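Predicted model, so just to flag it, every value in this text is computed and none were measured.
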There are 2 protein chains.
Amino acid sequence: MSRNVTVADIAREAGVSMMTVSRVINHKGEVSAATRQRVQKVIDRLNYRPSGIARSLATNHSGTIGLMIPDVSNPFFAAVARGAEHVAGAEGYNIFLCNTEEDPQRELAVLHSLEEKRVDGVVVFSRLETRQLVGLLKQQPASVLINRQTSKNNNDHAIGTVRLDDVLGGQLVTRHLLDRGHRRIGFLAGPPTSHSGQARAKGYLQTMTAAGFPPDPLWVHNCAPTVEGGLASARDLLRLQPTLTALFCFNDLVAVGALQACVELGRAVPHDLAIAGYDDIPLAALVTPPLTTCRTPRYELGAQAVQLLLNRIRGCNEPCEEVVLQPELIIRASAP
Amino acid sequence: MSRNVTVADIAREAGVSMMTVSRVINHKGEVSAATRQRVQKVIDRLNYRPSGIARSLATNHSGTIGLMIPDVSNPFFAAVARGAEHVAGAEGYNIFLCNTEEDPQRELAVLHSLEEKRVDGVVVFSRLETRQLVGLLKQQPASVLINRQTSKNNNDHAIGTVRLDDVLGGQLVTRHLLDRGHRRIGFLAGPPTSHSGQARAKGYLQTMTAAGFPPDPLWVHNCAPTVEGGLASARDLLRLQPTLTALFCFNDLVAVGALQACVELGRAVPHDLAIAGYDDIPLAALVTPPLTTCRTPRYELGAQAVQLLLNRIRGCNEPCEEVVLQPELIIRASAP
DNA sequence: CTGTTAGCGCGTTCAT
DNA sequence: ATGAACGCGCTAACAG
């Protein structure tokens, strides 16, 4: 492969200075239409591509964004990534995709590598402890946290946040079940460490209590956020608490596991037990019976995160430091 | 944010030349243990991060790879992306994620932007016509095509390929159905433009014919590669060809649609009709009945693609220009 | 409207 | 084992 064409080549070939070529490329400053055309012609003829690397070095601005998530092959994060990429692409930015696999060590390594790549900012879904995370993000020129509440005292570092209103989601689902006459509602809460799970639990507890039916703590079990986790945990809970009439599950996968448990135990859904999931992943509508669930705007989560980040990068530090996205109740046959 | 720390700062602070600092960072050349430690101490104290940008400009080597796919939120490509990112990360490379949304214009724009970013290579899943695609990839320092056969006459441009053996997959599924006594096997072929669909059709036709049961062309219908597409197309096919005893579907989503059609038509699966899907997406094991399908090593597809690309980038142009990955038959209740 | 000068932060020569 | 000078390709800040 021959040496790359540079501004110098274009300038020489077109009989102008490098500066003029630069102006043509960047549509900046005034250039006479005549020279502009002449230069553009040479650029096209030589198939010239300006070096983003050199430009970045000169402008101190790379046109790249880092996206750190646990795992793209998780449908939730895949949608986030798609939203993020779409907005970034439309605004002329490229996205570095970084999976952490839930590993704190990888989180550190990723953030580190992103620093070296001199990204203009990062969008991050992290499991790190807040204190440490804030310290790391302070090293980045700009950052937005996904689905995680920043403590107010940290907003001096101007970390943006985009999150789902999981408390509301928990309320919506619980209220729906209450409205349909359920009083003994179990809760498969997901991993104890999940911020989302805690918020949904809060919505569940609040709503039950406000309605005058405070739930028995024994109706709440933690579980892995997977089909297997849901199956195992539902099996236990339904045996220990056979009088429950409804089950609110941490997410749709857990709900699918609960469905399987019901098959095992010979309990008809929704007749013997109503089941609600969370997220509305595509699978939710395809299982038997289709799941009542709470749709989370995942694509929007990524899209808005990048939008907020770009605002910050561009200096418009609007009042809007925290974006909260609303979930939507989706009623299907598993809890009609 | 204060000005970034540079080699110069470290050098001054440590009382050595920039060159020595550089040697310490890159573990190159001989540096006395004493000075190495002294320099390292300053680096740590100032929390110095070498600028990848400047380094790239100097070395003509960016440590980045472009990944162009239609859509990360498609589980197939999400798995590919994960495999790609994993290998890249392990080798110290970062990945630019680029979605094309099946839009040729976006493909051009993406490849263009990747050129400007001076990626060291690209991994590409493209819908572009071969001639044009090869022309574009020739501009990149290295490239690997996913799931697409390069015509032999183009291998002078050294475009690598990693693909699934879809013909074999078609054979495996068809043979399984034949083995279970099915003779009248329908085929929902997916979109007519799909390379994969054509290959699977080939496997199906070959196997049926070789077994002495050449299929009636009327048993083959095209369809959109979605649940809705499968539902509509299965509905039609099963009405027109009520004597079919088995259905081989383009992918698992289509197969789920076919399952729904069977519910509508009152045909029990697998008793009245056996159904096989393709891909083994997570959903496949969760529907009722669970789907017999053909597992495609999607993660491996991305992982091997990046591995091959890195080999090329590093100059080891091994004989292995084309990697073919084998699918695996997964037998479940929909076609036991 | 156009050109000149001077770096951006690093690695690669060559010296020492 | 260490250092000085130069260049990677481009743009910001000034001229003219």
Using the six-membered ring wherever Trp is involved, compare the ring planes of B:F77 and B:F125 and label them parallel, tilted or perpendicular (cut-offs 30° and 60°).
->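 Perpendicular.
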Would you mind reading off the distance between [X] atom [atom1] and [N] atom [atom2], rounded to a whole angstrom?
| X | N | atom1 | atom2 | result |
| --- | --- | --- | --- | --- |
| B:I10 | C:dG11 | CD1 | C1' | 16 Å |
| A:D9 | D:dC10 | CG | C1' | 13 Å |
| A:H61 | C:dG9 | NE2 | P | 16 Å |
| B:R23 | D:dG3 | CZ | P | 8 Å |
| B:I53 | C:dG11 | CD1 | P | 13 Å |
| A:E116 | C:dG11 | CD | P | 10 Å |
| A:R12 | D:dG9 | CZ | C1' | 14 Å |

Between B:R38 and B:L57, which has a closest nucleotide on DNA chain D that is more 5'?
-> B:R38
Hey, which sits more toward the 5' end of DNA chain D by its nearest nucleotide, B:V16 or B:T59?
-> B:V16
Please pick, from [options], the nucleotide with the shortest atom-to-atom distance to any side-chain atom of [X].
| X | options | answer |
| --- | --- | --- |
| A:M19 | D:dA4, C:dC10, D:dA12 | D:dA12 |
| B:A54 | C:dG11, D:dA12, C:dG9 | C:dG9 |
| B:S17 | C:dG3, C:dG9, D:dA4 | D:dA4 |
| B:S22 | C:dG3, D:dT11, C:dG11 | C:dG11 |
| A:A58 | D:dC14, C:dG11, D:dT11 | D:dT11 |
| B:T35 | D:dT2, C:dC8, C:dG3 | D:dT2 |
| A:R55 | C:dC10, C:dT4, D:dT11 | D:dT11 |
| B:M18 | C:dC10, D:dA13, D:dT11 | C:dC10 |
| B:T6 | D:dG3, D:dT11, C:dC10 | C:dC10 |

Between B:R312 and B:S143, is any side-chain donor less than 3.5 angstrom from a side-chain acceptor?
->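 No pair is found: no donor N or O on one side chain lies under 3.5 Å from an acceptor on the other.
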I need the minimum non-hydrogen distance between [X] and [Y], along with the two atoms involved.
| X | Y | value |
| --- | --- | --- |
| A:P70 | A:N99 | O-CB, 3.8 Å |
| B:A142 | B:I313 | CB-CG1, 4.1 Å |
| B:N26 | B:R55 | OD1-NH2, 3.5 Å |
| B:L57 | A:I53 | N-CG2, 3.6 Å |

Please confirm whether the shortest side-chain N or O distance from [X] to OP1 or OP2 of [N] is below 4.0 Å.
| X | N | result |
| --- | --- | --- |
| B:N26 | C:dG11 | yes |
| A:S56 | D:dC10 | no |
| B:Y48 | C:dC10 | yes |

Looking at every strand, decide which applies to B:N60 at a 4.0 Å heavy-atom threshold: base, sugar-phosphate, or nothing.
->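 No contact.
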